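Please read these numbers as outputs of a predicted model, since none were measured by experiment.
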Amino acid sequence: MDKMTKEQRHRCMAAIKSKGTRPEMLVRRYLFARGFRYRLNHPRLPGHPDIVLRKYRTVIFVNGCFWHGHDDCQSFKMPKTNTNFWEKKIRRNKQRDIEEQHKIAAMGWHCITVWECQLKPHCRQQTLDSLAQTLYRIYLADRTVRPYRLPDFEESHMAAEPRP
């Protein structure tokens, strides 16, 4: 049974914002302090990612465990009231997240998801350090020199040479 009236619950849930959340601010401050420059909620990319690093061709989604249905997480508990509505909503959020990540990957971008529970004080630094290392690895992998090999032909003739 819910302790709040329907109107109070509606007001509380409506007050939860989707941009500039505390977990997102933690990630943004860390990245900026390390010299990463980014854009916020880029409108041309599917899903309007929370953080867009164009230099690294990477987007970062900072997901709340409740709203995005983080599996096997202590922060995610299905509400006991209006359960049918919440199950549908969270299932649709998960499905939409997967679709958006596929679209972003098809455009040639890397996609990283940081969960709210990974930014709790006991594991925050490890999560943020691994995020920075992942970005460095992506940057180096995208800029490595790849040797070019000519395709093997049975006969290799120049276009201007007559055939024997």
Side-chain angles (χ1 to χ4, degrees), residues 1-139 142:
M1 190 70 188
D2 200 0
K3 295 177 183 176
M4 296 184 184
T5 66
K6 194 172 184 177
E7 293 79 23
Q8 288 173 324
R9 177 63 63 196
H10 177 74
R11 211 173 323 114
C12 287
M13 296 307 273
I16 298 172
K17 45 188 186 161
S18 63
K19 297 178 184 177
T21 61
R22 187 170 185 268
E24 185 181 334
M25 294 302 293
L26 288 169
V27 174
R28 286 167 44 186
R29 283 189 195 117
Y30 178 85
L31 291 175
F32 194 85
R34 300 299 176 287
F36 295 100
R37 297 302 180 250
Y38 50 81
R39 296 287 177 255
L40 301 176
N41 309 104
H42 199 285
R44 291 186 185 160
L45 291 173
H48 305 287
D50 298 318
I51 300 170
V52 178
L53 297 118
R54 290 192 328 209
K55 179 179 177 180
Y56 301 86
R57 290 194 59 78
T58 302
V59 299
I60 300 173
F61 289 99
V62 183
N63 288 348
C65 295
F66 174 75
W67 296 104
H68 296 270
H70 192 196
D71 298 324
D72 301 326
C73 177
Q74 294 176 351
S75 300
F76 173 66
K77 289 184 177 47
M78 188 62 67
K80 291 185 171 93
T81 58
N82 207 3
T83 309
N84 192 27
F85 166 79
W86 286 109
E87 284 175 353
K88 286 180 185 175
K89 180 171 185 60
I90 291 170
R91 191 178 328 113
R92 177 63 188 131
N93 286 350
K94 288 171 136 181
Q95 181 183 3
R96 187 183 63 238
D97 290 344
I98 292 169
E99 290 170 4
E100 289 168 352
Q101 289 178 2
H102 286 304
K103 288 178 188 174
I104 289 171
M107 294 170 69
W109 287 70
H110 303 278
C111 187
I112 299 173
T113 302
V114 178
W115 291 95
E116 176 184 18
C117 63
Q118 295 171 331
L119 297 171
K120 299 286 184 197
H122 63 87
C123 61
R124 179 182 305 155
Q125 195 59 43
Q126 180 184 0
T127 301
L128 295 174
D129 289 342
S130 66
L131 176 63
Q133 288 300 318
T134 302
L135 289 172
Y136 291 137
R137 219 173 295 124
I138 287 170
Y139 182 78
D142 284 350

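Scanning all heavy atoms of the two residues, the minimum distance from Arg34 to Tyr136 falls at O-OH, 4.2 Å.
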For this session: May I have the step-by-step check of side-chain hydrogen bond (donor to acceptor under 3.5 Å, both in side chains) for Asp129 and Gln125, ending in yes or no?
Result: CA-CA 6 Å; Asp129 289 342; Gln125 195 59 43; 3.0 Å; yes
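Environment of CZ in Arg39: sparse, with no more than 12 heavy atoms of neighbouring residues, nucleotides or ligands closer than 6.0 Å. By the 6.0 Å contact criterion, CZ on Phe32 is open, its count of non-hydrogen atoms from other residues, nucleotides or ligands being 12 or less. Atom CZ of Arg92 is surrounded by more than 12 heavy atoms from other residues, nucleotides or ligands within 6.0 Å. In Arg37, the CZ atom is crowded: over 12 heavy atoms of neighbouring residues, nucleotides or ligands sit closer than 6.0 Å.
Not one N or O on the side chain of Asn93 forms a donor-acceptor pair closer than 3.5 Å with the backbone of His68. Side chain of Thr127 to backbone of Leu119: no donor-acceptor contact under 3.5 angstrom is found. A donor-acceptor pair is defined here as one N or O able to donate and one able to accept, closer than 3.5 Å; such a pair exists between the side chain of Glu116 and the backbone of Cys65. Counting only distance, with no hydrogens or angles, the side chain of Thr58 and the backbone of Tyr56 share a donor-acceptor pair below 3.5 Å.
Remark: Arg57 pairs with Trp109 by the side chain to side chain contact (heavy atoms under 4.5 Å, CB included) rule, at least two apart or across chains.
Salt bridge annotation for Glu24-Arg28: present, with a cationic side-chain nitrogen under 4.0 angstrom from a carboxylate oxygen.
Separation of the Trp115 and Phe61 ring centroids does not fall under the 6.0 Å cut-off.
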